[in-house]
Novice: 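Input: one structure, supplied below.
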Amino acid sequence: MPDFGIWYGVLAIAATPPALVERMARDLQAVTGTAEFREKLATQATRPEWLEPAAFAARIREEVPAWAEVARIASIKAD
């Protein structure tokens, strides 16, 4: 079953060159690692969790089937 917490991520189209994905990941990690960013999230009862691009992609692949099962059980249909 999926984790019922809320998480956010940044995605790019599948055809994005790997070098650009890595650059964006480094830049995002630099921003999310700043004290200012972490303090702002703390005021919203949120904490950052950094995942490398491959780990983030794996997390999405792992959760999609579980959420599809939740939608099936609850008879949720996409419009």
Side-chain angles (χ1 to χ4, degrees):
M1 207 29 71
D3 176 5
F4 288 99
I6 296 172
W7 55 265
Y8 302 93
V10 176
L11 302 170
I13 61 172
T16 304
L20 180 55
V21 170
E22 290 303 319
R23 179 179 173 196
M24 290 188 305
R26 281 192 313 271
D27 291 347
L28 287 165
Q29 188 173 26
V31 170
T32 60
T34 65
E36 180 182 7
F37 184 85
R38 290 175 175 274
E39 289 167 8
K40 183 67 172 178
L41 288 183
T43 67
Q44 300 169 23
T46 304
R47 65 174 174 76
E49 175 187 351
W50 178 256
L51 294 176
E52 294 294 330
F56 184 53
R59 181 174 187 171
I60 292 170
R61 281 192 303 275
E62 290 168 3
E63 287 200 14
V64 166
W67 284 109
E69 180 65 4
V70 169
R72 186 192 68 72
I73 291 168
S75 299
I76 298 170
K77 304 285 184 208
D79 289 335

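FYI, side chains are in, hydrogens and waters are out, and symmetry mates aren't considered; it's all heavy atoms of this structure. From a predicted model like this one, the values you see are computed outputs, not experimental measurements. In this chain, residues are counted from 1 in sequence order.
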Novice: Provide the closest heavy-atom pair for Pro48 versus Thr32 in the form atom of the first, atom of the second, distance.
Specialist: CG-O, 4.3 Å

Novice: What are the two closest non-hydrogen atoms of Arg61 and Ala54, and how far apart are they?
Specialist: NH2-O, 4.5 Å

Novice: If you round to the nearest 0.5 Å, how far is OG1 of Thr46 from CZ of Arg38?
Specialist: 12.5 Å

Novice: Could you pull out the closest heavy-atom pair between Leu11 and Phe56, with the gap in Å?
Specialist: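 So the two residues come closest at CD2-CE2, 3.4 Å.
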
Novice: Would you call Arg59-Glu62 a salt bridge at under 4.0 Å N-O?
Specialist: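 Not counted as a salt bridge, because no side-chain N and carboxylate O are separated by less than 4.0 Å.
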
Novice: For the CG atom of Leu51 and the CD atom of Gln29, what is their distance to the nearest 0.5 Å?
Specialist: 10.0 Å

Novice: CG/Asp27 to CZ/Arg23 distance, rounded to the nearest 0.5 angstrom?
Specialist: 5.5 Å

Novice: Using every non-hydrogen atom in the two residues, find where Ala12 and Met24 come nearest and quote the distance to one decimal.
Specialist: CB-CE, 3.9 Å

Novice: Are Val31 and Leu41 connected in a single hydrophobic cluster, I mean Ile/Leu/Val/Met/Phe/Trp/Tyr linked by side-chain heavy atoms less than 4.5 Å apart?
Specialist: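 Per the 4.5 Å side-chain linkage, Leu41 and Val31 are co-clustered.
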
Novice: What's the separation between atom CD in Gln44 and atom CD in Glu39, rounded to the nearest 0.5 Å?
Specialist: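 So the CD of Gln44 and the CD of Glu39 are separated by 12.5 Å.
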
